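Chain A is the first sequence line, chain B the second, and so forth, proteins listed ahead of strands; every chain is numbered from 1. Only this structure's heavy atoms are used, side chains among them; waters, hydrogens and symmetry mates stay out. Just so you know, these numbers come straight off a predicted model, no measurement behind them.
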Number of protein chains: 2
Amino acid sequence: MMGARMTGLGGAEADRLFQALGDPTRRAILDRLAAGPSSVSGLAGPLGITLTAVSQHLGVLEGCGLASTRKAGRVRTCSIEAAGFDRLQGWIDAHRASWDRRLDALGDLLAEED
Amino acid sequence: MMGARMTGLGGAEADRLFQALGDPTRRAILDRLAAGPSSVSGLAGPLGITLTAVSQHLGVLEGCGLASTRKAGRVRTCSIEAAGFDRLQGWIDAHRASWDRRLDALGDLLAEED
DNA sequence: CAGATAGTGAAGTCATTGCTTCACTGATGG
DNA sequence: CCATCAGTGAAGCAATGACTTCACTATCTG
């Protein structure tokens with residue numbers, strides 16, 4: 001029984017992913033990481049928040065596969081990660097099918113209405 | 001011209017969208033709406049929450065263009081909306097480009113100072 | 001008309017979140 | 001060594017979020 005969803009994320013995973021992206025600071029971190037790897041301090045500086053705060057955000061981003069980090073010496077280097085992104089796209093693709101179907105059928109009705 | 005919305009969302013809009021999708025109840029509402037329009041009560045029943053709660057979620061979903069509602073008589077009929085969905089895909093496309101670029105060219109460069 | 005139905009608005013509760021400070025560990029370099 | 005520098009863990013705090021209940025306004029229907 002393949003009860004596991006191949007549609008991508010289970011509920012909890014989708015929660016984590018969307019909630020992670022729902023925070024502007026976290027998206028700013030990802031944007032910065034998209035330009036290249038960075039240390040925690042390198043992220044904290046421009047953002048105007050503490051190292052601790054960045055570290056916490058990093059935890060969330062790693063938790064849903066949007067970023068990965070590894071520590072060399074006393075410096076933690078953070079990079080962007082594909083996995084979470086792929087899951088996100090997967091969720092969207094899985095849902096777009098049914099949504100679009102419905103939207104298509106609905107478009108006319110709504111347009112006709114005054 | 002050139003699209004009224006570039007990368008789509010400004011920060012605040014992305015916030016609303018991702019946060020809206022970050023809630024399981026809201027996603028459940030959307031799933032149900034994907035199967036066809038429904039009244040507020042029709043949504044509340046299966047979800048096991050009050051009409052008020054659904055009404056609040058609906059406000060959020062409308063606020064970011066993921067759903068639309070109209071009231072006929074005393075019944076509010078809710079439908080899924082394309083706009084928010086398109087914005088979501090737009091955001092993803094816009095960001096996937098740079099992310100993929102970085103992920104593809106992933107070297108072991110050290111973090112750069114900004 | 002009375003009475004049920006469908007939904008809204010305004011609080012209020014309880015948990016979560018984003019951030020901070022403080023105390024601390026480990027590298028690193030003079 | 002000793003003084004920093006980069007980061008972490010644990011509390012704590014203010015703000016937000018997801019619900020609820022209660023009171024209330026329409027809107028049907030018998």
Side-chain angles (χ1 to χ4, degrees), chain A residues 11-33 36-64 66-79, chain B residues 11-33 36-64 66-79 84 108-114:
Chain A
E13 282 178 280
D15 276 13
R16 269 181 248 142
L17 199 51
F18 283 122
Q19 279 172 11
L21 289 168
D23 181 77
T25 305
R26 235 128 47 196
R27 286 200 311 278
I29 289 178
L30 288 177
D31 279 346
R32 196 156 201 93
L33 254 34
S38 171
S39 68
V40 177
S41 322
L43 292 168
L47 287 169
I49 57 179
T50 60
L51 292 185
T52 306
V54 174
S55 209
Q56 287 164 350
H57 283 305
L58 249 13
V60 174
L61 292 173
E62 283 194 87
C64 62
L66 284 166
S68 69
T69 73
R70 57 200 151 75
K71 201 163 181 179
R74 61 180 173 180
V75 175
R76 174 172 300 275
T77 303
C78 319
S79 323
Chain B
E13 282 178 282
D15 275 14
R16 269 181 248 142
L17 199 50
F18 283 121
Q19 279 173 10
L21 289 168
D23 181 77
T25 305
R26 238 135 36 200
R27 286 199 313 278
I29 289 177
L30 288 176
D31 277 346
R32 185 166 185 94
L33 254 34
S38 170
S39 67
V40 178
S41 320
L43 292 169
L47 287 169
I49 57 179
T50 61
L51 293 185
T52 306
V54 174
S55 208
Q56 287 163 350
H57 283 305
L58 249 13
V60 174
L61 292 173
E62 282 194 88
C64 62
L66 283 167
S68 69
T69 73
R70 47 182 43 210
K71 201 163 179 178
R74 63 180 171 178
V75 175
R76 175 172 299 275
T77 302
C78 319
S79 322
D108 20 36
L109 303 170
L110 287 181
E112 30 80 337
E113 257 297 297
D114 189 56

Taken to the nearest whole Å, CG/B:Leu58 to P/C:dG9 is 12 Å
Kindly write out the residues that satisfy salt bridge (Lys or Arg N to Asp or Glu O under 4.0 Å) with B:Asp23, not counting sequence neighbours, or none if the list is empty. none
In whole Å, I'd like the distance from the CD atom of B:Gln19 to the P atom of C:dT16. 17 Å
Atom NZ of A:Lys71 and atom P of D:dC5 are separated, to the nearest Å, by 17 Å
May I ask you to verify if any side-chain N or O of B:Arg26 is less than 4.0 angstrom from the OP1 or OP2 atom of D:dG17? no
Heavy-atom protein contacts under 4.0 Å, nucleotides 19-29 of chain D, coded B base, S sugar-phosphate only, - none: BBB-----BS-
Could you pull out the closest heavy-atom pair between B:Ala67 and B:Leu33, with the gap in Å? CB-CD2, 4.4 Å
Would you compute the distance between atom CG of A:Leu21 and atom CG of B:Leu17 and round it to the nearest 0.5 angstrom? 10.0 Å
Among residues at least two apart in sequence or on other chains, which ones pass side-chain hydrogen bond (donor to acceptor under 3.5 Å, both in side chains) with B:Arg16? none
Enumerate, atom names and distances included, each donor-acceptor pair closer than 3.5 Å involving a side-chain atom of residues 44-57 of chain B, sequence neighbours excluded.
| from | atom 1 | to | atom 2 | distance (Å) |
| --- | --- | --- | --- | --- |
| B:Thr50 | OG1 | B:Ala53 | N | 3.2 |
| B:His57 | ND1 | B:Arg26 | NH1 | 3.3 |

For B:Arg27, the salt bridge (Lys or Arg N to Asp or Glu O under 4.0 Å) test, sequence neighbours excluded, returns A:Asp15
Between D:dT16 (C1') and B:Asp15 (CG): distance, integer Å: 13 Å
Starting from P on C:dT25, measure out to CZ on A:Arg76 and report it in whole angstrom. 18 Å
Rounded to whole Å, please give me the gap between CG in A:Leu43 and C1' in C:dC19. 16 Å
In whole angstroms, how far is the C1' atom of D:dT16 from the CZ atom of B:Arg16? 16 Å
